[in-house]
Amino acid sequence: MFNPEIKTTFLQGYKENTQKAYARVFNLTMKFEVEKDKDLLHFTLDEIETALHSFHASTGDSLNTAGRTISAYLNWARGRGA
């Protein structure tokens with residue numbers, strides 16, 4: 001997980017099963033965060049779309065879940081002034 005301190009703080013606001021699901025998404029986005037040397041918080045919309053498309057989700061629901069996870073993280077961080 002890229003920038004684990006902030007993402008762990010974010011995850012602590014959720015129940016264990018949700019934490020695991022969200023952590024999986026963060027582990028998938030980590031490749032792109034490392035490549036760009038920046039957290040999802042600083043990604044452009046195009047960069048987020050590229051990361052989502054790389055998941056090769058087997059269903060639309062999986063892709064929607066990943067998108068909602070990223071959205072929740074961005075909204076949470078924005079609320080904290082990040």
Side-chain angles (χ1 to χ4, degrees):
M1 190 180 317
F2 190 88
N3 200 1
E5 302 83 16
I6 192 164
K7 287 186 175 86
T8 299
T9 301
F10 165 73
L11 291 173
Q12 289 173 347
Y14 294 93
K15 294 180 181 180
E16 185 177 351
N17 287 342
T18 303
Q19 287 180 14
K20 289 178 184 178
Y22 281 18
R24 279 193 296 274
V25 172
F26 292 143
N27 287 330
L28 290 169
T29 61
M30 182 173 61
K31 171 188 169 193
F32 293 94
E33 290 174 299
V34 169
E35 258 179 36
K36 305 276 184 197
D37 193 32
K38 61 183 180 180
D39 192 90
L40 280 170
L41 298 172
H42 306 290
F43 272 33
T44 65
L45 181 57
D46 286 341
E47 290 169 333
I48 291 171
E49 286 179 2
T50 299
L52 285 171
H53 287 287
S54 75
F55 292 177
H56 303 294
S58 57
T59 67
D61 286 343
S62 296
L63 192 57
N64 286 335
T65 297
R68 283 193 304 273
T69 299
I70 293 170
S71 179
Y73 175 61
L74 297 176
N75 288 330
W76 172 83
R78 188 178 324 128
R80 295 176 53 103

Q: To the nearest 0.5 angstrom, please state how far the OG1 atom of T44 sits from the NZ atom of K36.
A: 7.5 Å
Q) If every non-hydrogen atom of F10 is compared with every non-hydrogen atom of T69, which pair is closest and at what distance? A) CZ-O, 4.4 Å
**Q.** Interatomic spacing from NZ in K7 to OG1 in T29 - rounded to 0.5 Å
**A.** 5.5 Å
Q: Please round to the nearest 0.5 Å and tell me the distance separating atom CG of N27 and atom OH of Y22.
A: 15.0 Å
**Q.** Transitive ILVMFWY side-chain link F32 to F2, under 4.5 Å
**A.** no
Q: For the pair E49 and L45, evaluate side chain to side chain contact (heavy atoms under 4.5 Å, CB included) and give the outcome as yes or no after the intermediate values.
A: CA-CA 6 Å; E49 286 179 2; L45 181 57; 3.8 Å; yes
Q: Indicate the atoms forming the closest heavy-atom contact of M1 with M30, along with that distance.
A: N-SD, 2.9 Å
Q. Mind checking whether T8 and Q12 have side chains closer than 4.5 Å, heavy atoms only?
A. yes
Q) Are a donor atom and an acceptor atom from the side chains of T65 and R68 found within less than 3.5 Å of each other? A) yes
Q: Might you point out which heavy atoms bring G67 and L52 nearest each other, and give the distance in Å?
A: N-CD2, 3.8 Å
**Q.** Nearest heavy atoms of L41 and A77, plus distance in Å
**A.** CD2-CB, 3.1 Å
**Q.** Side chain to side chain, N3 and H42, heavy atoms closer than 4.5 Å
**A.** no
Q | Interatomic spacing from NE2 in H53 to CZ in F55 - rounded to 0.5 Å | A | 10.5 Å
Q. Counting only heavy atoms not in K31, do more than 12 fall under 6.0 Å of its NZ?
A. no
**Q.** Centroid-centroid distance, F26 to Y73, less than 6.0 Å
**A.** yes
Q.
In the structure I gave you, are the side-chain heavy atoms of F43 and L74 within less than 4.5 Å of one another anywhere?
A. no
Q) Are I6 and R80 side-chain neighbours, meaning at least one heavy-atom pair lies under 4.5 Å? A) no
